[in-house]
Amino acid sequence: MAQVVVLKLNYGTAAQLDEAVGSDRQLVIETDTHRPRVMDGKTKGGFKLAFASDISEKSAAIAANAAAISNLKTSIKTLCDEIVAAKGA
């Protein structure tokens, strides 16, 4: 027969949990944002877990930054080529 396990989570606002250390392997929930956190018994505020939307937003930002860096590298190379050409003229 299946055994029923009841999981009781601790909770608090994000501001309250930012100041908490909690217990090792403790799962807590921010009541104002519904974001879960894992506490390790040492780190103030624990570790916030990401929502799927956080990951897609970060991925888009990373892609945009990569494109900007690529464009910057191209501009710097063009500028260097122009300097070299000007010195050789």
Side-chain angles (χ1 to χ4, degrees):
M1 179 165 208
Q3 185 177 9
V4 176
V5 176
V6 176
L7 178 64
K8 178 160 168 76
L9 302 174
N10 289 349
Y11 56 88
T13 64
Q16 290 169 330
L17 295 176
D18 284 343
E19 299 301 315
V21 174
S23 302
D24 188 28
R25 294 172 284 175
Q26 179 183 20
L27 185 61
V28 297
I29 304 295
E30 295 178 1
T31 55
D32 47 352
T33 66
H34 308 292
R35 182 177 301 276
R37 296 185 188 204
V38 176
M39 307 302 241
D40 65 359
K42 298 179 250 177
T43 306
K44 192 174 178 181
F47 301 92
K48 292 182 179 185
L49 302 181
F51 291 131
S53 60
D54 296 334
I55 295 168
S56 62
E57 290 169 11
K58 299 287 186 216
S59 295
I62 289 168
N65 287 341
I69 289 168
S70 179
N71 291 340
L72 181 59
K73 286 168 57 177
T74 301
S75 297
I76 291 171
K77 183 183 180 319
T78 302
L79 181 58
C80 289
D81 290 345
E82 289 173 1
I83 292 169
V84 168
K87 283 189 174 187

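All values reported here derive from a predicted model rather than from experimental measurement.
When every heavy atom of F51 is checked against every heavy atom of H34, the shortest pair comes out as CZ-O, 3.7 Å. Residues L17 and G12 come closest through the heavy atom pair CD1-O, 3.5 Å. The nearest pair of heavy atoms linking A14 to D32 is N-OD1, 3.0 Å. The two residues T43 and F47 make their nearest non-hydrogen contact at OG1-CZ, 3.7 Å. Here the closest heavy-atom approach between residue M39 and residue V21 is recorded as CB-O, 3.5 Å. Contact record, L9 with I29: CD1-CG1, 3.7 Å, taken as the closest heavy-atom pair.
Here the side chain of S70 pairs no donor or acceptor atom with the backbone of A66 at under 3.5 angstrom.
Taking OG from S59 and CG from D54, the interatomic distance works out to 10.5 Å, rounded to the nearest 0.5 Å. To the nearest 0.5 Å, atom CD of residue Q26 and atom CZ of residue R37 are 11.5 Å apart.
In terms of the salt bridge (charged side-chain N to carboxylate O under 4.0 Å, His left out) criterion, residue partners of E19 (sequence neighbours excluded) are, by chain and number, K44.
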